Amino acid sequence: MRTVLLGAPGSGKGTQGVVLSKKFNIPQISTGDLLRAAVKAGTELGKQAKTAMDAGALVSDDIVIGLIRERLSQEDAQNGYILDGFPRNIPQAEALDAMLDQLGQPLQGVVLLDVPFEELMQRLTGRRTCKDCGAIYNIHLSPPKSEDQCDRCGGELFQREDDNEETIGNRLKVYEEQTAPLIGFYQKQAKLHSIAGTGDIDHITDQVGAVFDEI
Ligand code: AMP
């Protein structure tokens, strides 16, 4: 099942990706996670990516396309995957199509998590992530039982460096300008499924899961 979760920063791609990855037994592949790991490891690629990430801008297409090419070639991605945060603009989507066409394994479906713009800021400023298992909470909307600790595994919760108001504003602008055109791109390919990304998290998972079951 070769799928993409599309949506603005804060729309729930990461949250849904973690759950759906377990449910369908396919990896969630997040370019944001891959880039943050490279920054943390201090690799040359991480150093190149960090400036753009801190500013809420896009990292160069060459870097992220290279990361995806390498990740999709790994064993665990051979039965499918959920792409989260990639593609982020039309050139990346075209590069992905070309890559998958060569393999004779085109994308099967793209799910848009549709969230009103006003709600995104609150979601992003309140977001906290578990260092150990990646579970995502929101201190305003879905708080953990204890402020700094993961309910599931007891891991420490942290706030992402780019979840500050200034960077968030830029990331939302970049989404509108560069990523939102992908909605039309995938509509033309008849691959787009739009789902309201608000309300009960489990209900959203069920709806995305139903799309995945169909494709
Ligand atoms: P995310 O975790 O998806 O919100 O990504 C965090 C940051 O990583 C973004 O604000 C970008 O700076 C960078 N990034 C993640 N995915 C991509 C991508 N597909 N293309 C360019 N930059 C990306």
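Only this structure's heavy atoms are used, side chains among them; waters, hydrogens and symmetry mates stay out. Numbers here are sequence positions counted from 1. Each ligand, and each atom within it, is numbered from 1 in the order the structure gives. This structure is a prediction, so every number in the text was calculated from the model and none was measured.
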Is it the side chain (CB and beyond), the backbone, both or neither of [X] that lies under 4.0 Å from ligand 1, heavy atoms counted?
{"X": "Asp61", "result": "neither"}
{"X": "Leu58", "result": "both"}
{"X": "Ala57", "result": "backbone"}
{"X": "Val64", "result": "side chain"}

Minimum-distance protein heavy atom relative to [atom]:
{"atom": "atom 22 (N) of ligand 1", "result": "Val59 N, 3.0 Å"}
{"atom": "atom 8 (O) of ligand 1", "result": "Met53 CE, 3.6 Å"}
{"atom": "atom 3 (O) of ligand 1", "result": "Arg88 NH1, 2.9 Å"}
{"atom": "atom 17 (C) of ligand 1", "result": "Thr31 OG1, 3.6 Å"}

Answer yes or no: is there a side-chain heavy-atom contact under 4.5 Å between [X] and [Y]?
{"X": "Phe86", "Y": "Ile29", "value": "no"}
{"X": "Asp206", "Y": "Lys23", "value": "yes"}
{"X": "Thr3", "Y": "Val208", "value": "no"}
{"X": "Tyr186", "Y": "Leu107", "value": "yes"}

Quick check against the 3.5 Å criterion: does [X] have a side-chain atom that pairs as donor or acceptor with the backbone of [Y]?
{"X": "Gln105", "Y": "Asp101", "answer": "no"}
{"X": "Asn138", "Y": "Arg123", "answer": "yes"}
{"X": "Lys13", "Y": "Ala8", "answer": "yes"}

* To do: Please confirm whether Arg36 comes under 4.0 Å of ligand 1, counting heavy atoms of the residue only.
  => yes
* Can an N or O of Phe86 be found at a distance shorter than 3.5 Å from an N or O of ligand 1? -> no
* Please indicate whether any nitrogen or oxygen in Ser30 is less than 3.5 Å from any nitrogen or oxygen in ligand 1. => no
* To do: Number the atoms of ligand 1 from 1 as they appear, then name those within less than 4.0 Å of a heavy atom of Asp162, with their elements.
  => 6 (C)
* Check each atom of ligand 1 against the heavy atoms of Leu35 and keep those under 4.0 Å away; list them by number with element. => 8 (O), 13 (C), 14 (N), 15 (C), 23 (C)
* Interatomic spacing from CD in Gln122 to CD in Glu119 - rounded to 0.5 Å -> 7.0 Å
* Evaluate side chain to side chain contact (heavy atoms under 4.5 Å, CB included) for Ile68 paired with Gln92, printing each intermediate quantity in order. => CA-CA 10 Å; Ile68 283 289; Gln92 291 180 17; over 6 Å; no
* From the options Gln92, Arg171, Arg160, Arg127, select the one whose nearest heavy atom is closest to atom 6 (C) of ligand 1. => Arg160
